[in-house]
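A quick write-up on the structure given underneath.
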There are 2 protein chains.
Amino acid sequence: MPEPPTPSPPGPPESRRELNRRATHEAITAAALRLAREHGAGGFTVDTLAEAAGISRRTFFNYFPSIEAAVTQPVEEFLDRAFARLYERPADEPIVDAVLAAITGDVGQEEMALLCEVYSMSADDEQLERMQLWIWDKAQQKLEEGLKPRLPADSSELLTDALAGSIIACAKAAMRQASGQTAPGQAADPQAFHDLLLASLDLLRAGFNTNGSIPHPKDN
Amino acid sequence: MPEPPTPSPPGPPESRRELNRRATHEAITAAALRLAREHGAGGFTVDTLAEAAGISRRTFFNYFPSIEAAVTQPVEEFLDRAFARLYERPADEPIVDAVLAAITGDVGQEEMALLCEVYSMSADDEQLERMQLWIWDKAQQKLEEGLKPRLPADSSELLTDALAGSIIACAKAAMRQASGQTAPGQAADPQAFHDLLLASLDLLRAGFNTNGSIPHPKDN
DNA sequence: TGTAATTTTGCATCCTGTGCAAGTTTGGCC
DNA sequence: GGCCAAACTTGCACAGGATGCAAAATTACA
């Protein structure tokens, strides 16, 4: 029943099972995205989605625990890839540079647009918003792990935690700005996201100041 | 039917309606907390909770949209108070100091213990975890508003966003450490939380470095 | 005391999410 | 090919979440 997915990336030859699995998986995410665009993330039921994807309601739940999980799937995948890439960066690279490179590594135009779109969808749907917060939080935990080998061995948990959280906060801020700027119709620009992320990480690295301390009202 | 709440703080004399409302509200949160302690946050149904609070299932949903919302109510209230207090701090106080004072302002021993307890409960319950992430995110939005008057007028949204997010990340890190340290039975200490928060905010203010830049693996 | 506003409650209804068992497809082996 | 086992899909059942609605109870106030 399921059509084989269009791009078959290199690697070990996939069995028919893996092929089918990937195909339904993509059918679901595609249908979920389409329906979310049409009716909002909370504007349709699992039955509708299952029918649109050509599977049974029960099968949907074999793949995803909720509609939101299906809609945010691209975000999760992106963040997984991004922070996995951290381990491929040279060990002596400064943390901020490594993170920047890892996150903005291989983001294409369409993926960037998709990420922004899903990000901004959460404005209209609380469930989706919470899901996305959760995904970013999971990413933060991955980042903490990835950061440990790059921090002095005697670093406190507090530092690791606060630093990872701050970096994630910068990434979210950059994503949010990119989403906001994308709304007016112009194509989402990976370069713009890269620049925003770089800018926010620079702010972080400087302790959010340009002249000695976090800006006071009177400081300039 | 509902008992009047124990402490009736000063202010305009409450009508019977307001009194009853407060009473059932507290009855619900108290029952929710008790049940969450006994069975975990996801370990009981709304029917059980409603019965324990002495109300009907339907009435519960007039007060809270979910069990998690009832359990995390103290956290939400705390963060609301905390960031509202930001507006009472002197306008020329450095941001970090103002935030520190606002958050650790009037936290009592019991409240601190409660916050830590709820925080650590989310380890066993995904719904509760997402709820709490959402509450902290709402707090971040409040913080952004409170930050604006304290930042140069020409500050970018990116800066406001990234700074607020980083501060929240520090607060969460401090809360997490406090929760972790509290587990071993010793009473939760507001002072310890204050110190943790101060430490993390100092790290943030210093751009997470002690000697010039975010620490490299070889830097010490 | 009577009337209007507010709250509680039960009921109906739709939807989510999961266990289970029967059916179907795929992989591997003779 | 034919056959068995593993994996996957599907329908069904069921507990529970969440909301609208209208009747009943409570409270406010003139």
Side-chain angles (χ1 to χ4, degrees), chain A residues 1-5 12-29 31-32 35-36 39-73 125-131 134, chain B residues 1-5 12-29 31-32 35-36 39-73 125-131 134:
Chain A
M1 183 72 65
E3 294 290 319
E14 288 183 305
S15 74
R16 193 169 226 136
R17 273 198 184 131
E18 290 164 335
L19 227 56
N20 287 345
R21 235 189 135 61
R22 277 172 43 86
T24 42
H25 202 273
E26 288 184 21
I28 293 175
T29 53
L35 289 170
H39 309 108
F44 57 98
T45 72
V46 174
D47 292 85
T48 311
L49 172 52
E51 191 176 358
I55 55 170
S56 80
R57 166 193 169 76
R58 192 59 184 84
T59 298
F60 168 78
F61 284 111
N62 286 344
Y63 283 81
F64 295 97
S66 68
I67 288 180
E68 295 76 42
V71 174
T72 55
Q73 154 74 17
D125 187 298
E126 255 183 31
Q127 292 305 312
L128 192 67
E129 188 182 5
R130 291 183 199 167
M131 188 70 194
W134 183 78
Chain B
M1 184 71 66
E3 294 290 319
E14 289 183 304
S15 73
R16 193 168 227 136
R17 277 203 179 126
E18 290 164 335
L19 228 56
N20 287 344
R21 235 190 135 65
R22 277 171 44 85
T24 41
H25 202 273
E26 289 184 20
I28 293 176
T29 52
L35 288 171
H39 309 109
F44 57 98
T45 72
V46 174
D47 292 87
T48 312
L49 172 52
E51 190 177 358
I55 56 169
S56 79
R57 167 192 170 77
R58 191 60 183 80
T59 298
F60 168 78
F61 284 110
N62 286 345
Y63 283 81
F64 295 97
S66 67
I67 288 180
E68 295 77 43
V71 173
T72 54
Q73 155 73 19
D125 187 297
E126 254 183 32
Q127 292 305 312
L128 191 68
E129 187 182 5
R130 291 184 199 167
M131 188 71 194
W134 183 77

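The structure presented is a predicted model; accordingly, all values stated were derived computationally and were not measured. Every chain is numbered from 1 and lettered A, B, ... according to where its sequence line falls, protein lines coming before strand lines.
The distance between atom CG of B:Asn62 and atom P of C:dT6, rounded to the nearest whole Å, is 14 Å. C:dG10 atom P lies 11 Å from atom CG of B:Asp47, rounded to whole Å. Rounded to whole Å, the distance from NE2 on A:His25 to P on D:dT9 is 11 Å. Atom pair B:Phe61:CZ and C:dC14:C1' shows a separation of 14 Å (rounding to whole Å applied). Protein atom CZ of B:Arg57 is 12 Å distant from nucleotide atom C1' of C:dG10, rounded to whole Å. Here the P atom of nucleotide C:dG17 and the CE atom of A:Met131 are 10 Å apart, to the nearest Å. One can place CG of B:Leu49 at 12 Å from P of D:dA18, the figure rounded to the nearest angstrom. Going from atom CG of B:Asp125 over to atom P of D:dG17 covers 12 Å, rounded to whole Å.
Of the charged side-chain nitrogens involved, none lies within less than 4.0 Å of a carboxylate oxygen, so that B:Arg22 and B:Glu18 do not count as a salt-bridged pair.
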message: Run the side chain to side chain contact (heavy atoms under 4.5 Å, CB included) test on A:Phe61 and A:Val46 for me, step by step, so that the C-alpha distance in whole Å, both residues' side-chain angles and the decisive distance to 0.1 Å come before the verdict.
response: CA-CA 9 Å; A:Phe61 284 111; A:Val46 174; 3.8 Å; yes

field: Test log, rule side-chain hydrogen bond (donor to acceptor under 3.5 Å, both in side chains), inputs B:Arg16 and B:Asn20
entry: CA-CA 6 Å; B:Arg16 193 168 227 136; B:Asn20 287 344; 5.6 Å; no

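Among the heavy atoms of the strands, none lies under 4.0 Å from A:Phe64.
Between A:Ile67 and A:Phe44, the closest heavy-atom pair is CD1-O, 3.3 Å. In plain terms, the two heavy atoms of A:Asp125 and A:Ala41 that are nearest each other are OD2-C, 3.5 Å.
Between A:Ile55 and B:Glu68, the residue whose closest nucleotide on DNA chain D is further toward the 5' end is A:Ile55. Mapped onto DNA chain C by nearest heavy atom, B:Arg21 and A:Phe60 fall at different nucleotides, with B:Arg21 at the one closer to the 5' end.
Contact between the side-chain N/O atoms of B:Arg58 and the OP1/OP2 oxygens of D:dA18 is not found at any separation under 4.0 Å. Residue A:Asn20 places no side-chain N or O under 4.0 Å from the OP1 or OP2 atom of D:dC8. Look at A:Ser15 and you'll find a side-chain N or O under 4.0 angstrom from OP1 or OP2 of C:dG27. Side-chain N/O atoms of A:Thr45 include none lying less than 4.0 angstrom from OP1 or OP2 on C:dC15. Phosphate contact (OP1/OP2 of D:dT9, side-chain N/O of A:Tyr63, threshold under 4.0 Å): present.
Of the listed nucleotides (C:dG10, D:dT10, D:dG17), D:dT10 has the atom at the smallest distance from the side chain of A:Ser56.
Side-chain atoms of B:Arg17 and base atoms of D:dT27 include a donor and an acceptor less than 3.5 Å apart.
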